[in-house]
Student: 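Let me give you the structure first, and then I'll get to my questions.
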Amino acid sequence: MNKEELIRFFKNDRFVEHIGIEIVDIGEGKAVCAVDIKEHHLNANNVVQGGVLYTIGDFTFAVAANQDEIGFVTLNASINYIRPCICKRLFACAEPVHVGRHTCVYNVEMKDEAGKVFAVMTVNGYKK
């Protein structure tokens, strides 16, 4: 699947579209996605809500893992929130640790434009 086809496919992810996550870069099993932080992304403490971090991490995994052929879904994901997320634009960067015929493992970092990491996620995927 080429980059345009993949972007078109993932436009069907209505929740991701609703909260404003966009695909920034795709290539060699890796992906970068971003979201401009708005008022509705913040929790009661005025920091980015943890669900936003989880969602961008999970979505970025999906983009990275499904570049060649659609089929990988999240089997298990573990996220570590490192510090409160205060930024204007949040990025998620996913890269593979292992990709097999039926399973995969990816690491995803959520960070700001300066590279300050707010959360890290490990995603195990299964090819359905």
Student: So, does N2 use its side chain to make a donor-acceptor pair with the main chain of E4 at under 3.5 Å?
Tutor: yes
Student: I'd like to know if the side chain of E28 and the backbone of K30 have a donor-acceptor N/O pair within less than 3.5 Å.
Tutor: no
Student: Could you walk me through whether V123 and M121 satisfy the side-chain contact (heavy atoms from CB on, under 4.5 Å) test, starting with their C-alpha distance in whole Å, then the side-chain angles of each, then the deciding distance to 0.1 Å, before giving a yes or no?
Tutor: CA-CA 6 Å; V123 184; M121 180 183 244; 3.7 Å; yes
Student: Would you check if the side chain of D58 reaches a backbone N or O of Y54 as a donor-acceptor pair within less than 3.5 Å?
Tutor: no
Student: Is the backbone N or O of I19 less than 3.5 Å from a side-chain atom of H41, with the two atoms forming a donor-acceptor pair by type?
Tutor: yes
Student: Are E109 and K116 within salt-bridge range, i.e. N to O under 4.0 Å?
Tutor: no
Student: Ring centres under 6.0 Å, that's the criterion: do F59 and F10 meet it?
Tutor: yes
Student: Mind listing the closest non-hydrogen atom pair of V24 and A34 along with its distance?
Tutor: CG2-CB, 3.6 Å
Student: In this structure, would V97 and L75 fall into the same cluster of hydrophobic residues linked by side-chain contacts under 4.5 Å?
Tutor: no
Student: Considering all heavy atoms of both residues, which atom of V63 and which atom of A31 are nearest to each other, and what is their separation?
Tutor: CG1-CB, 3.7 Å
Student: Do the side chain of R83 and the main chain of Y81 share a donor and acceptor less than 3.5 angstrom apart?
Tutor: no
Student: Do you know the tightest heavy-atom contact between F61 and G125?
Tutor: CZ-CA, 3.8 Å
Student: Please report the closest heavy-atom contact between F72 and N66, naming both atoms and the distance.
Tutor: N-OD1, 2.7 Å
